Amino acid sequence: MTVEEVKANIRDVIDFPVKGIVFKDLTTAFKNSECINFFVDNMYEHYKNLGVTKVIGIESRGFIIAPILAYKLNIGFVPVRKKGKLPADTLEISYSKEYGIDTIQIHSDAISSDDVVLLHDDLLATGGTMKAACELVRKFGVKKIYVNFLLELDFLKGRELFEDDVEVYSLIHC
Ligand code: AMP
């Protein structure tokens with residue numbers, strides 16, 4: 001399957017969740033096994049020799065593909081969740097969103113300074129959520145941070161938020 005064929009499987013939903021937003025709905029791609037293969041095989045080829053030790057998925061759409069990749073890389077999966085969802089001791093970070101402040105958390109024993117982490121979410125828009133997740137995992141002193149998205153909205157220039165030592169890789173650009 002080509003990038004253009006995968007793009008054709010992604011549905012644009014106009015004015016969701018609020019007026020003026022074109023929501024990129026990936027569920028229409030996820031129901032097609034060829035698209036799932038495209039995503040996972042492409043990510044596997046990109047990351048298989050980089051020494052990644054944990055795949056970290058960002059709630060909630062980052063939970064769909066990240067565990068499949070973790071299985072394929074034969075490494076663990078770790079969730080980053082919205083405040084109040086994780087049951088044990090957590091580290092957290094707050095960040096500004098368009099309307100108000102959001103807080104995300106990770107279990108404090110989920111990763112360590114020995115880890116090379118791959119943070120994954122479905123889509124890069126402004127980058128605020130993933131930037132906060134990077135700062136959160138930095139608190140553990142991890143060896144290296146990779147950041148991955150299935151889809152990047154280039155016009156929002158979200159990737160400019162990330163420090164030079166973070167490698168940002170998106171499979172599809174719109
Ligand atoms: P941001 O922090 O602005 O990069 O927003 C990223 C998160 O919001 C991702 O988890 C996406 O799932 C979601 N998101 C933001 N904008 C869109 C969009 N236009 N279409 C689909 N998802 C979006």
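Both counts, for ligands and for their atoms, begin at 1 and track the order of listing. Computed from a predicted structure; not experimentally measured.
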Is the Tyr169 ring parallel, tilted or perpendicular to the His46 ring (thresholds 30°, 60°)?
parallel
Side chain, backbone, both or neither: which applies to Leu123 and ligand 1 if a contact is any heavy-atom pair less than 4.0 Å apart?
both
What part of Val22, side chain, backbone, both or neither, has a heavy atom within less than 4.0 angstrom of ligand 1?
backbone
If the threshold is 4.0 Å, N to carboxylate O, is there a salt bridge linking Lys139 and Glu135?
no
Does a sphere of radius 6.0 Å around CG in Asp89 hold more than 12 heavy atoms from other residues, nucleotides or ligands, not counting ones at 6.0 Å or beyond?
no
Under the side-chain contact (heavy atoms from CB on, under 4.5 Å) test, residues paired with Ala133 that sit two or more places apart
Ile58, Ile104, Leu119, Met130
for atom 2 (O) of ligand 1, nearest protein heavy atom and its distance come out as Thr129 OG1, 2.7 Å
So which heavy atom in the protein is nearest atom 4 (O) of ligand 1, and how far is it from that ligand atom?
Gly127 N, 2.7 Å
For the residue pair Lys97 and Tyr95, would you count it as a cation-pi contact if the rule is NZ or CZ under 6.0 angstrom from the ring centre and within 45 degrees of the ring axis?
no
Ligand 1 versus Asp121: contacting region, heavy-atom distance under 4.0 Å:
side chain
closest protein heavy atom to atom 16 (N) of ligand 1 is Ala125 CB, 3.6 Å
Atom 11 (C) of ligand 1: which protein heavy atom is closest, and how many Å away?
Asp122 OD1, 3.5 Å
Closest heavy-atom contact between Lys83 and Glu92?
NZ-OE1, 2.8 Å
Test side-chain contact (heavy atoms from CB on, under 4.5 Å) applied to Val40 - qualifying residues, sequence neighbours left out:
Ile36, Ile65, Ile68, Lys72
Closest protein heavy atom (residue, atom, distance) for atom 20 (N) of ligand 1
Lys24 N, 2.9 Å
Min heavy-atom dist Ile58 to ligand 1 below 4.0 Å:
no
Could you tell me the residue and atom name of the protein heavy atom closest to atom 22 (N) of ligand 1, and the distance to it rounded to 0.1 Å?
Phe23 CE1, 3.3 Å
Protein contact to atom 8 (O) of ligand 1 [nearest heavy atom, distance to 0.1 Å]:
Arg61 NH2, 4.3 Å
